[in-house]
Amino acid sequence: MSQSPLASSGPWDEVAERYDDAATEVMRPFSAHALALAELSPGAHVVDVAAGPGTLAIPAAARVARVSALDFSPLMIERLVRHAEAAGLDAIDARVGDGQALPYAEDSFDAGFSLFGLMFFPDRARGFAELHRVLRPGAIAVVSSWAPLADSSLMTLLSGAFQAGIPGYPAPQPNPENLENPEVFEAELRAAGFTEVSVRAHTESFAYDSAEQLWDRLTRGSAPLQLARSRFDEETWKAQEHTMIEYLAARYEPNRPLTTTAYLGTGRK
Ligand SMILES: C[S@@+](CC[C@H](N)C(=O)[O-])C[C@H]1O[C@@H](n2cnc3c(N)ncnc32)[C@H](O)[C@@H]1O
């Protein structure tokens with residue numbers, strides 16, 4: 001089976017800076033919700049797998065004793081370390097590494113997270129099993145993944161723009177075998193040994209001043225879009241981008257809230 005290009009660190013390194021500047025706006029409220037679900041105590045030691053630039057790890061470090069953050073993209077980790085330094089947070093241990101082979105001893109953490117990260121692992125079962133291994137008995141895991149595109153007005157609108165502007169951009173197909181199917185999500189948590197498993201939808205809304213702003217905020221740090229873009233020369237891409245922004249301008253009324261939904265799966269070791 002061919003592996004998704006997003007299963008390697010290159011595309012994430014390429015967008016790390018722009019992801020940090022723009023994409024985290026959409027990710028941050030989901031991290032806040034995940035932290036609330038975990039009900040962390042101030043003395044907790046938590047692990048954030050596929051941490052990106054610290055969307056969850058940085059706010060977590062402000063409220064618990066220690067955060068271990070790991071990502072396979074060195075440039076994402078560089079951003080995370082920079083944020084930790086700027087915020088004066090020294091209780092963060094940040095490492096470059098693979099979420100499918102965690103460099104931590106078993107029974108190490110009071111809570112474990114992977115927000116929109118483990119969903120990309122080629123071997124998700126290993127990812128869930130590793131998260132389970134490093135948690136202490138009784139510790140909670142919170143993992144997130146996007147709900148089907150049709151449940152999200154924001155993703156549906158963007159995907160329409162991509163198809164309008166990028167020749168050969170695939171029409172999104174529902175995939176009942178991945179974590180966008182809550183039954184699969186629950187089954188994979190259970191198979192890794194988690195108990196008290198629950199998968200719940202969580203929706204956030206976002207509004208933009210204009211189609212141009214929407215385009216900029218939602219695509220600037222997008223690794224999948226960066227991959228699509230790399231197939232075209234600069235001039236061709238400019239023309240395609242123009243078509244996509246026109247598509248959005250014809251359909252997006254400024255300041256109208258658009259929603260996006262994720263599933264948050266929780267379980268206890
Ligand atoms: C969509 S970003 C999510 C980042 C962050 N958790 C957030 O919510 O903003 C996906 C992250 O997963 C990381 N990633 C993907 N596969 C990985 C793997 N096998 N091991 C470690 N990190 C991985 C990428 O480098 C990227 O930083």
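In each ligand, atom 1 is the first atom listed, and ligand 1 is the first ligand listed.
- For atom 8 (O) of ligand 1, the nearest non-hydrogen atom of the protein is L115 O, 3.4 Å.
- Within the 4.5 Å cutoff, the side chain of E183 has no heavy atoms near those of the P176 side chain.
- A cation-pi contact, defined as under 6.0 Å to the ring centre and within 45° of the axis, links R251 to Y247.
- In this structure, Y263 has its ring center no closer than 6.0 Å to that of F185.
- Between atom CD of residue E78 and atom CG of residue D71 there is a gap of 12.5 Å, rounded to the nearest 0.5 Å.
- Of all the atoms in ligand 1, the ones that sit under 4.0 Å from a non-hydrogen atom of Q100 are 19 (N).
- In terms of protein heavy atoms, atom 12 (O) of ligand 1 is closest to A50 CB, 3.3 Å.
- For G99, a nitrogen or oxygen atom sits less than 3.5 Å from a nitrogen or oxygen atom of ligand 1, counting backbone and side chain alike.
- With rounding to the nearest 0.5 angstrom, the OG1 atom of T260 is 9.0 Å from the CG atom of L218.
- Residue L6 has no N or O atom closer than 3.5 Å to an N or O atom of ligand 1.
- The distance criterion of under 3.5 Å between nitrogen or oxygen atoms is not met by P53 with respect to ligand 1.
- Under a 4.0 angstrom heavy-atom cut-off, S9 registers as lying outside contact with ligand 1.
- Regarding atom 3 (C) of ligand 1, its nearest protein heavy-atom neighbour is Y19 OH, 3.2 Å.
- One distance of note links CE of M155 with CG of L149; it measures 7.5 Å at 0.5 Å rounding.
- Every heavy atom of F30 sits 4.0 Å or more from the atoms of ligand 1.
- For ligand 1, the polar-atom distance check against D98 finds a nitrogen or oxygen pair separated by under 3.5 Å.
- Under the side-chain contact (heavy atoms from CB on, under 4.5 Å) test applied with F113, the options L264, V47, L35 reduce to a single match, L35.
- Among residue pairs with one or both ends in residues 198-215, none qualify as salt bridge (charged side-chain N to carboxylate O under 4.0 Å, His left out); sequence neighbours excluded.
- Of the heavy atoms in F72, both backbone and side-chain atoms come closer than 4.0 Å to ligand 1.
- Relative to atom 27 (O) of ligand 1, the option among D20, D71, V15, V49 with the closest non-hydrogen atom is D71.
- The nearest pair of heavy atoms linking T261 to A201 is CG2-CB, 4.0 Å.
- Scanning the protein for heavy atoms near atom 10 (C) of ligand 1, the closest one is F116 O, 3.2 Å.
- Side-chain contact between L258 and L157 is present, with at least one heavy-atom pair separated by less than 4.5 Å.
- Put simply, no part of A16 is less than 4.0 Å from ligand 1, judged by heavy atoms.
- No heavy atom of T24 sits closer than 4.0 Å to any atom of ligand 1.
- When only modelled atom types and interatomic distance are considered, D13 and S73 share a side-chain donor-acceptor pair under 3.5 Å.
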Show me, pair by pair, the donor-acceptor contacts under 3.5 angstrom made by side chains of residues 60-70, not counting sequence neighbours?
residue: S68; atom: OG; partner: H45; partner atom: NE2; Å: 3.1
residue: S68; atom: OG; partner: D93; partner atom: OD2; Å: 3.4

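- Listed for the R133 side chain is a donor-acceptor partner under 3.5 Å among the backbone atoms of Y104.
- Checked by distance only, ligand 1 and S31 stay at 3.5 Å or farther apart across all their nitrogen or oxygen atoms.
- Listed by number with element, the atoms of ligand 1 under 4.0 Å from a non-hydrogen atom of M76 are 27 (O).
- Counting only heavy atoms of the protein, atom 17 (C) of ligand 1 lies nearest to F121 CE2, 3.3 Å.
- When heavy-atom distances to ligand 1 are checked against a 4.0 Å cut-off, A7 has no atom that comes that close, whether in backbone or side chain.
- Proximity of L56 to ligand 1 is not established, as no heavy-atom distance is less than 4.0 Å.
- The ligand atoms of ligand 1 that sit less than 4.0 angstrom from a heavy atom of A51 are 5 (C), 6 (N).
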